[in-house]
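See structure below.
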Amino acid sequence: RLAAEERYRSTQANQILIDKLHLVQRIVLTHELPFAVPLTLLVDEDGGLAALYRGNTPCSAIISDAQWLGRSLSERRQAAVPFAGTWTTAPPRLLMRPVATLFREQGYDQDAVDYLKHDFDVIDARRNATDGTIREMDLQFAQSSFNLGRSHQVQGQLQQAIDYYRQGLSVLPESAQAHYHLANALAETNKPDEAIASLRMALDLNEELYEARLKLSQLLRRQGNRQEAESQLQRLLAHRSDDADALFTMGMLKAEQGNQAAALDLFFRVISVDPTRVDSWTNAGSLLAKMGRIEQAKAALSRAIELDDSNLQARISLGGLYGATQNLEQAILQFREALTIDPQNNAARQGLAQAFLASGDFIEAGKQFESAIRFNSRDFNSFARLAWLRATAPDASARNGAQAVQIAARLAEATRNRNPQILDILAAAQAETGQFELAVETVQKAINLTAGTPESTALQERLKLYQNQKAYREVHRSHQSNP
C-alpha cells in the first residue's frame with residue numbers, strides 16, 4: 001500500500017517469507033493470533049521492528065508513527081497507549097537468543113545466525129560504551145559469542161565458529177563447555193593437537209565434563225597414544241560404567257591391541273546398553289569371524305544389516321563369510337547389495353568377482369575386474385587378476401591371451417621384472433598365445449626369485465607345461481589357487 005506512493009520498496013511475498021512473518025508475529029505478540037492480511041511492519045534504520053499493524057491501516061498513521069523512530073524506547077511506548085498514565089517498569093527488550101532458537105526450530109538456520117549476530121553486535125556496542133568495569137556485560141558478550149560459535153558450527157561454518165569461541169573465551173576463559181565446543185570445531189578442521197589442548201583445559205576446569213573426556217580419549221586413540229586414551233576411558237567408566245560410547249571406544253582400543261576377547265566383550269556390553277548400536281553389532285561380527293566362530297559372526301552381521309540395510313561394512317563381511325563357507329548364492333547377493341550402496345567399493349567388487357570365480361562363472365568374474373579397473377585405473381590387484389583370468393580360465397570364452405599379455409607386460413615393466421607373481425601371470429599369458437619359449441624364459445625368472453619357497457613348486461610344474469608346448473589352465477576355483 002505504501003509502495004503506491006512511490007516512496008517505499010515493494011516486493012512479492014513467497015510462502016517462506018509469509019511463514020517467517022507469521023513466526024515474527026508469534027514472537028512479538030503476547031498471545032497467538034491468526035495471520036492477518038494485510039500485515040504491515042514498521043522498522044527503524046537498523047532493521048529493528050518498531051511496530052506491527054494487523055489489518056487495514058491508513059498510510060498517514062504509519063508515516064506519523066515513523067516520525068517517532070528517533071525517540072527513545074520509553075517515549076515510543078508512552079505514545080502507543082490510548083490513555084494517559086505512568087509506567088512503573090522500564091521497557092523490556094526482546095532477547096535475540098530465544099528468537100534465534102525459534103527460527104532454528106523451524107529450519108531457518110541462517111536467520112538464527114543473523115539474529116545471534118545482531119545480539120552479539122548490540123552487546124558488543126553496549127560493552128564498548130562502558131568503562132569496562134561491568135562484569136555482567138562481559139558475561140553477556142561471552143555468552144553471545146558462544147551462541148554464535150555454536151550456530152556456525154551446526155551449519156558447518158567451522159572457522160567462524162572457532163573465531164567466535166575464542167572471542168568469547170578471551171573474556172570468559174573459565175567456560176569449560178566453550179573449551180569443549182572449541183575442541184570439537186578444531187578436531188573437525190583437522191587440528192587434533194589444538195583440540196586436545198582445549199579438551200585438557202576443559203577438564204582442568206571441570207573434571208566431570210565426561211563428554212570432553214570421551215572426546216579426548218578418541219583423539220588420543222587416533223593419534224596412536226593408546227595408553228593415555230585407555231587411562232582417560234577408565235576414569236570416565238569409573239563414574240559412568242554404562243556409557244555406550246566410552247565402552248565402544250575401549251572396544252576399539254582392545255581390538256587394535258590384538259585383545260580380541262576383551263574387545264568382543266566390550267562390544268557386547270555396548271549392545272546390552274543399546275541393542276540398536278549398529279557399529280557394535282558390525283564389529284562384534286567381524287571379531288567373531290576372526291575367532292572362527294562363523295555362525296555367530298553371521299548372526300551378528302545379519303543383525304547389523306537388519307538395523308541398517310545400508311551398512312556397507314557388514315554386507316562385505318557377511319558376503320566374505322558366505323563365500324568362505326561356499327554359500328555362493330548368498331555371497332553374491334551380499335556383495336551386489338554392497339555395490340548398490342557404493343558402486344566404487346573395491347572390496348565389494350573383488351568379493352563379488354571371487355564369488356563368481358568360485359561358482360565357475362568366469363565371464364561375470366572378468367566383468368567385475370574390468371569394472372573395478374574402470375573405477376580405479378591404478379588398481380594393481382584387479383589388473384593382475386584380470387590378466388590371470390584371461391590367460392588361464394578353463395572356459396575358452398573367458399580367455400583372451402592378447403589382452404592378458406598386454407596387461408601382464410605392463411605390470412612386469414612397472415615392477416621391473418622383480419615380482420614373481422606378475423612374472424608367473426605374464427608367462428601364463430605368453431603360453432596362452434603360443435609364445436612358449438618366452439613363457440619358459442619368463443617363468444624361469446620367477447623360479448629364480450622364489451628359490452626355496454613353497455611357491456617355487458607350483459612354478460616348476462608350470463615350467464614343465466610350457467616346455468611341453470602346453471598352456472596352463474586354472475583347475476581350482478578358489479581364491480587360494482589364484483596368484
Check: Does a salt bridge link Lys298 with Glu295, judged by any charged N lying under 4.0 Å from a carboxylate O?
Finding: yes

Checklist line | Residue pair Ala314 / Ala304: nearest heavy atoms and the distance that separates them | finding: CB-CB, 4.1 Å

Checklist line | Pair listing, ring pair (Phe, Tyr, Trp, His ring centres under 6.0 Å) test, anchored in residues 152-171, at least two apart | finding: Phe120-Tyr164, His152-Tyr164

Notebook entry, point to check: Is Glu474 salt-bridged to Arg399, cutoff N-O under 4.0 Å?
Noted result: no

Check: Do Ser382 and Asn346 come close enough that some side-chain heavy atom pair is under 4.5 Å?
Finding: yes

Note to self: Suppose we call two aromatic rings close when their centres sit under 6.0 Å apart. Are Phe362 and Phe356 close by that rule?
What the structure shows: no

Checklist line | Note, Leu352 side chain near Leu339 side chain (heavy atom, < 4.5 Å) | finding: yes

Note to self: Checking Gln218 against Asp245: is there a side-chain donor and acceptor pair closer than 3.5 Å?
What the structure shows: no

Check: Are the side chains of Leu357 and Phe369 in touch, meaning some heavy atoms are under 4.5 Å apart?
Finding: yes

Notebook entry, point to check: Going by atom types only, do Asp163 and Gln167 share a side-chain donor-acceptor pair under 3.5 Å?
Noted result: no

Notebook entry, point to check: Do the non-hydrogen side-chain atoms of Leu318 and Ser302 ever get within less than 4.5 Å of each other?
Noted result: yes

Checklist line | Gap separating the CD atom of Glu337 from the CG atom of Asp342, nearest 0.5 angstrom | finding: 13.5 Å

Item checked: Within-4.5 Å side-chain heavy-atom neighbours: Arg200 and His179 -> no

Notebook entry, point to check: Less than 4.5 Å apart, any side-chain heavy atom of Gln334 and any of Ile305?
Noted result: yes

Note to self: Please enumerate all residues that pass salt bridge (charged side-chain N to carboxylate O under 4.0 Å, His left out) together with Asp379, with sequence neighbours excluded.
What the structure shows: none

Checklist line | Aromatic Phe375 / basic Arg349 pairing, under 6.0 angstrom, 45° off normal | finding: no

Next item on the list: For the residue pair Gln403 and Leu386, establish whether any side-chain heavy-atom pair is separated by less than 4.5 Å.
Entry: yes

Checklist line | Derivation and outcome, side-chain contact (heavy atoms from CB on, under 4.5 Å), residues Leu186 and Ser198 | finding: CA-CA 9 Å; Leu186 289 166; Ser198 290; 3.7 Å; yes

Item checked: Neighbour count above 12 (heavy atom, 6.0 Å) for Gln227 CD -> no

Item checked: Working for side-chain contact (heavy atoms from CB on, under 4.5 Å), residues Arg150 and Phe146 -> CA-CA 6 Å; Arg150 194 79 185 105; Phe146 298 151; over 6 Å; no

Next item on the list: I would like to know whether Thr415 and Arg418 meet side-chain hydrogen bond (donor to acceptor under 3.5 Å, both in side chains); could you show each step before the answer?
Entry: CA-CA 6 Å; Thr415 55; Arg418 299 296 299 172; over 6 Å; no

Next item on the list: Write down the atom of Ala289, the atom of Ala297, and the distance for their closest heavy-atom approach.
Entry: N-CB, 3.5 Å

Next item on the list: Could you tell me whether the side chains of Glu432 and Thr392 share a donor-acceptor contact shorter than 3.5 Å?
Entry: no

Notebook entry, point to check: Do we see a donor-acceptor contact under 3.5 Å between the side chains of Asn184 and Glu188?
Noted result: no

Notebook entry, point to check: Are the side chains of Lys445 and Ile447 in touch, meaning some heavy atoms are under 4.5 Å apart?
Noted result: no

Notebook entry, point to check: Rounded to the nearest 0.5 Å, what separation is found between the CG atom of Leu253 and the CD atom of Gln232?
Noted result: 11.5 Å

Notebook entry, point to check: Is the closest side-chain donor-acceptor distance between Ser359 and Asp361 under 3.5 Å?
Noted result: no

Note to self: When you measure from the side chain of Trp281 to the backbone of Phe267, do you find a donor-acceptor pair of N or O atoms at a distance under 3.5 Å?
What the structure shows: no

Margin query: Given Leu264, which partner from the list Arg293, Gln296, Arg269 fulfils the side chain to side chain contact (heavy atoms under 4.5 Å, CB included) test?
Written below: Arg293

Next item on the list: Begin with the C-alpha distance, continue with both residues' side-chain angles, and end with the deciding distance and a verdict on salt bridge (charged side-chain N to carboxylate O under 4.0 Å, His left out) for Glu461 and Lys464.
Entry: CA-CA 5 Å; Glu461 292 176 358; Lys464 293 176 183 177; over 6 Å; no

Margin query: Between Lys367 and Glu370, does any NZ, NE, NH1 or NH2 come within less than 4.0 Å of an OD or OE carboxylate oxygen?
Written below: no

Check: Can you list the residues that meet the side chain to side chain contact (heavy atoms under 4.5 Å, CB included) rule with Ala338, with sequence neighbours excluded?
Finding: Leu312, Arg315, Ile316, Ala348

Note to self: I'd like to know whether CD of Glu228 has more than 12 heavy-atom contacts from other residues, nucleotides or ligands below 6.0 angstrom.
What the structure shows: yes

Notebook entry, point to check: Quick one: CG on Asn345 to CD on Gln313, what's the gap to the nearest 0.5 Å?
Noted result: 10.5 Å

Next item on the list: First locate atom CG of Leu459, then atom CG of Leu463, and finally report the distance between them rounded to the nearest 0.5 Å.
Entry: 9.0 Å

Item checked: Electrostatic pair Lys254-Glu230, nearest N-O below 4.0 angstrom -> yes

Note to self: Pairing donors with acceptors under 3.5 angstrom, does anything connect the side chains of Gln350 and Gln354?
What the structure shows: no

Margin query: Do Arg462 and Tyr472 form a cation-pi contact, if we require the NZ or CZ to be under 6.0 Å from the six-membered ring centre and within 45 degrees of the ring's axis?
Written below: yes

Next item on the list: Check the pair Gln223 / Asp193 against side-chain hydrogen bond (donor to acceptor under 3.5 Å, both in side chains), numbers first and verdict last.
Entry: CA-CA 9 Å; Gln223 286 198 324; Asp193 291 335; 2.9 Å; yes

Notebook entry, point to check: Considering all heavy atoms of both residues, which atom of Leu203 and which atom of Leu209 are nearest to each other, and what is their separation?
Noted result: CD2-O, 3.6 Å

